[in-house]
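Report on the structure given below.
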2 protein chains.
Amino acid sequence: MSVTIKDVAKAAGVSVASVSRALNGHDNVTPATRERIMAIAAELRYMPNGAARSLITRRTQTVGALLPDLHGAFFSELIRGIDLAARQRGLHLLVSSSHGSPDETGAALRAMLGRVDGLLLMSPHADDDFLATHLPPALPTVLVNTWLGNGQHSSISVDNHGGAVTMVEHLAGQGYTRIAFIGGPAHNYEARERLRGYREAMARCCPGVEPLIYAGDFTEEAGHAAGCLAVAQRPQAVFAANDMMAIGCLAALHEAGLRVPHDMALAGFDDIPMARYLTPPLTTMRIPIAQIGEQALQDLVLAIDPPEHFATSARTTPTELVVRASSEAGRAD
Amino acid sequence: MSVTIKDVAKAAGVSVASVSRALNGHDNVTPATRERIMAIAAELRYMPNGAARSLITRRTQTVGALLPDLHGAFFSELIRGIDLAARQRGLHLLVSSSHGSPDETGAALRAMLGRVDGLLLMSPHADDDFLATHLPPALPTVLVNTWLGNGQHSSISVDNHGGAVTMVEHLAGQGYTRIAFIGGPAHNYEARERLRGYREAMARCCPGVEPLIYAGDFTEEAGHAAGCLAVAQRPQAVFAANDMMAIGCLAALHEAGLRVPHDMALAGFDDIPMARYLTPPLTTMRIPIAQIGEQALQDLVLAIDPPEHFATSARTTPTELVVRASSEAGRAD
DNA sequence: TAGCATTTTGGAAACGTTTACATTCGGACA
DNA sequence: TGTCCGAATGTAAACGTTTCCAAAATGCTA
């Protein structure tokens with residue numbers, strides 16, 4: 001079959017122990033034999049078997065990333081950030097998406113056991129119960145965008161609430177007061193946080209103005225539907241809980257002959273690549289996704305090899321307001 | 001440390017063999033003992049060690065994907081397609097990017113040995129030499145977007161040449177004859193194929209018209225620079241080798257006050273998500289990326305478990321012309 | 001040259017599974 | 001009641017490494 005360390009040992013006329021030592025750069029082996037072994041190994045195209053190696057060393061040099069989905073720019077960026085940081089440390093990346101039931105997610109998680117040194121977990125099912133049931137206690141884990149109170153695991157997530165507050169403040173600062181909001185899926189934690197920020201900031205920045213909330217689900221279609229409602233109700237500005245809905249809304253406004261921002265301002269959330277190419281370019285909150293991925297991996301590495309006084313971290317990453325033409329100060333109605 | 005099969009065996013008062021049989025659903029075990037074992041295993045939260053298991057079974061239930069990079073919509077979609085098909089078959093995905101030297105790529109490849117059942121390889125370095133040196137002969141491999149003549153491995157790639165031909169034919173059909181081309185990086189195989197298609201189609205569809213080629217490198221900036229040249233030279237249409245350059249070009253045309261397509265038509269290649277949201281929406285060639293990923297994985301599965309009469313496949317996936325406003329028939333100069 | 005310290009090498013255990021083979025255990029049948 | 005048979009279970013080898021420990025080889029000093 002495949003060439004093993006035994007084959008190399010036999011060909012070199014030494015024991016497997018010596019081959020192992022030579023190949024792993026230990027110093028207790030004569031330069032002469034080391035060279036001979038290296039030469040033979042190269043000639044035979046010997047490549048060590050990862051499974052066997054990690055079985056004995058209890059290290060896989062691999063981290064797992066369990067994500068709810070792989071669709072869209074968000075996960076793409078996240079994976080890129082994770083991969084970037086992993087490569088720098090010589091780690092590999094075992095990804096798995098599991099947009100299914102908690103059980104399915106648990107199965108995916110279980111299958112990673114013994115193949116990864118640690119886990120980056122981002123899952124809508126990842127509550128205390130789930131983790132207690134499916135997560136092996138010995139597996140270092142970092143929770144991404146998944147809130148959890150107990151300091152059991154490190155976690156890192158986006159400051160959705162703060163970002164929404166900032167955006168409302170910005171719009172209010174531009175002179176808009178009747179600001180509508182297009183919400184995300186009700187069960188989505190991030191969507192709820194953004195809504196909460198909107199509500200809070202409205203109460204503070206635009207006192208006396210009744211919050212105006214359109215239901216949505218993060219899709220372009222939902223944004224379009226909300227946009228049609230906005231055309232009828234004429235808020236001064238619309239703040240969509242994500243950019244895709246802002247895009248849908250923008251289309252609806254254009255169809256109705258409204259000019260943005262002159263007739264109605266518009267803002268989104270996420271700063272997807274498309275945002276700056278829209279007409280007009282979209283004001284939005286930028287999420288440093290790749291950076292979050294990098295930080296998550298760094299925290300995971302820390303959890304895998306805990307230093308002297310290790311404590312889990314709980315980060316919330318700030319978002320950045322990106323002002324573009326869609327929220328320029330317009331005519332105050 | 002972690003709970004092993006031995007712990008379960010001891011707790012259940014049986015041998016490890018019985019535990020293994022019970023857990024793997026073999027039929028030669030009494031329902032009574034099976035149940036007892038299952039219960040104890042659940043109680044102890046036993047989860048089999050993947051490394052140990054794959055060492056003995058010689059199966060990892062994992063495929064590797066070695067990509068040049070993880071940046072951008074292309075790889076995101078590709079990974080999604082691969083993951084989709086992998087999940088359907090209960091396979092996991094070990095991804096690795098290696099936008100570095102051939103040696104680095106080789107090292108990444110080597111590290112996958114023993115951890116994957118097969119490999120999806122997409123690398124600019126993947127020529128015959130490279131494969132002979134770094135690829136273990138026993139590792140089933142599918143080459144993605146990487147041309148290779150010998151039928152050693154299955155391969156799947158995009159019909160870049162055909163796509164470019166189709167686009168030129170479309171533009172010519174719209175009445176444009178002086179069609180310029182913005183090329184990609186000279187060393188890039190896909191870019192070269194698209195250029196070749198442009199040249200060939202121009203000779204056939206627009207005889208007598210000298211091909212007009214602007215240098216580019218697939219970036220928006222390069223597209224902008226080329227667009228500035230186009231403003232001066234006034235071809236009737238510009239065909240960019242990818243959408244990002246088309247976007248840059250579009251910006252340059254707008255800055256110069258040119259209307260698209262009235263003053264100059266524009267087309268791209270790739271159909272990135274952004275393309276349909278531009279003003280005007282961009283005509284482009286759609287690449288079924290996710291589908292390619294799925295197909296690649298399916299071919300890999302075939303190579304891993306070869307049926308009776310297995311032969312490597314060499315697919316080229318057709319691209320699809322997506323006509324939008326940027327290439328509408330304009331005024332013939 | 002003998003004795004000792006040190007370096008280099010080899011033998012074998014260990015990692016956690018699966019599985020071929022041997023063993024035991026019931027029970028049916030003569 | 002003894003024999004035989006099939007099913008259930010246990011024993012141990014195997015997978016390919018790394019590493020502990022013992023053994024051998026080497027160099028040095030007396």
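Keep in mind it's a predicted model, so treat the numbers as computed, not measured.
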If each end axis of the helix from C:dT1-D:dA30 to C:dA30-D:dT1 is fitted on five C1' pair positions, the angle between them, to 10 degrees, is 60°
Suppose the criterion is salt bridge (Lys or Arg N to Asp or Glu O under 4.0 Å): which pairs have a residue in residues 288-313 of chain B, not counting sequence neighbours?
B:Arg59-B:Asp305, B:Asp299-B:Arg315
Do any pairs count as a ring pair (Phe, Tyr, Trp, His ring centres under 6.0 Å) and have a residue in residues 115-142 of chain B, sequence neighbours left out, and if so which ones?
B:Phe130-B:His134
If the condition is salt bridge (Lys or Arg N to Asp or Glu O under 4.0 Å), which residues does B:Arg110 pass it with, not counting sequence neighbours?
none
Just to verify, what does B:Glu193 make a salt bridge (Lys or Arg N to Asp or Glu O under 4.0 Å) with, not counting sequence neighbours?
B:Arg196
Under the salt bridge (Lys or Arg N to Asp or Glu O under 4.0 Å) test, which residues partner A:Arg192, sequence neighbours left out?
none
Short heteroatom pairs, N/O only, protein and nucleotides 10-14 of chain D, under 3.5 Å:
| residue | atom | partner | partner atom | Å |
| --- | --- | --- | --- | --- |
| D:dG10 | OP2 | B:Ser15 | N | 2.8 |
| D:dG10 | OP2 | B:Ser15 | OG | 3.2 |
| D:dG10 | OP2 | B:Ser18 | OG | 3.1 |
| D:dG10 | N7 | B:Arg21 | NH2 | 3.0 |
| D:dG10 | O6 | B:Arg21 | NH1 | 3.3 |

B:Asn188 meets the side chain to side chain contact (heavy atoms under 4.5 Å, CB included) criterion, sequence neighbours left out, with B:Pro185, B:Glu190, B:Ala191, B:Phe218
For A:Ala73, which residues count as a side chain to side chain contact (heavy atoms under 4.5 Å, CB included) partner, sequence neighbours excluded?
A:Pro273
Listed in order of residue number, which residues of residues 31-41 of chain B have a non-hydrogen atom at under 4.0 Å from DNA chain D?
B:Thr33
At a heavy-atom distance below 4.0 Å, what parts of residues 44-51 of chain A sit against DNA chain C?
none
If the cut-off is 4.0 Å, is A:Thr30 near the phosphate of C:dT7, judged by side-chain N/O to OP1 or OP2?
no
Going by the rule salt bridge (Lys or Arg N to Asp or Glu O under 4.0 Å), which residues pair with B:Arg45 if we only count those two or more places apart in sequence or in a different chain?
none
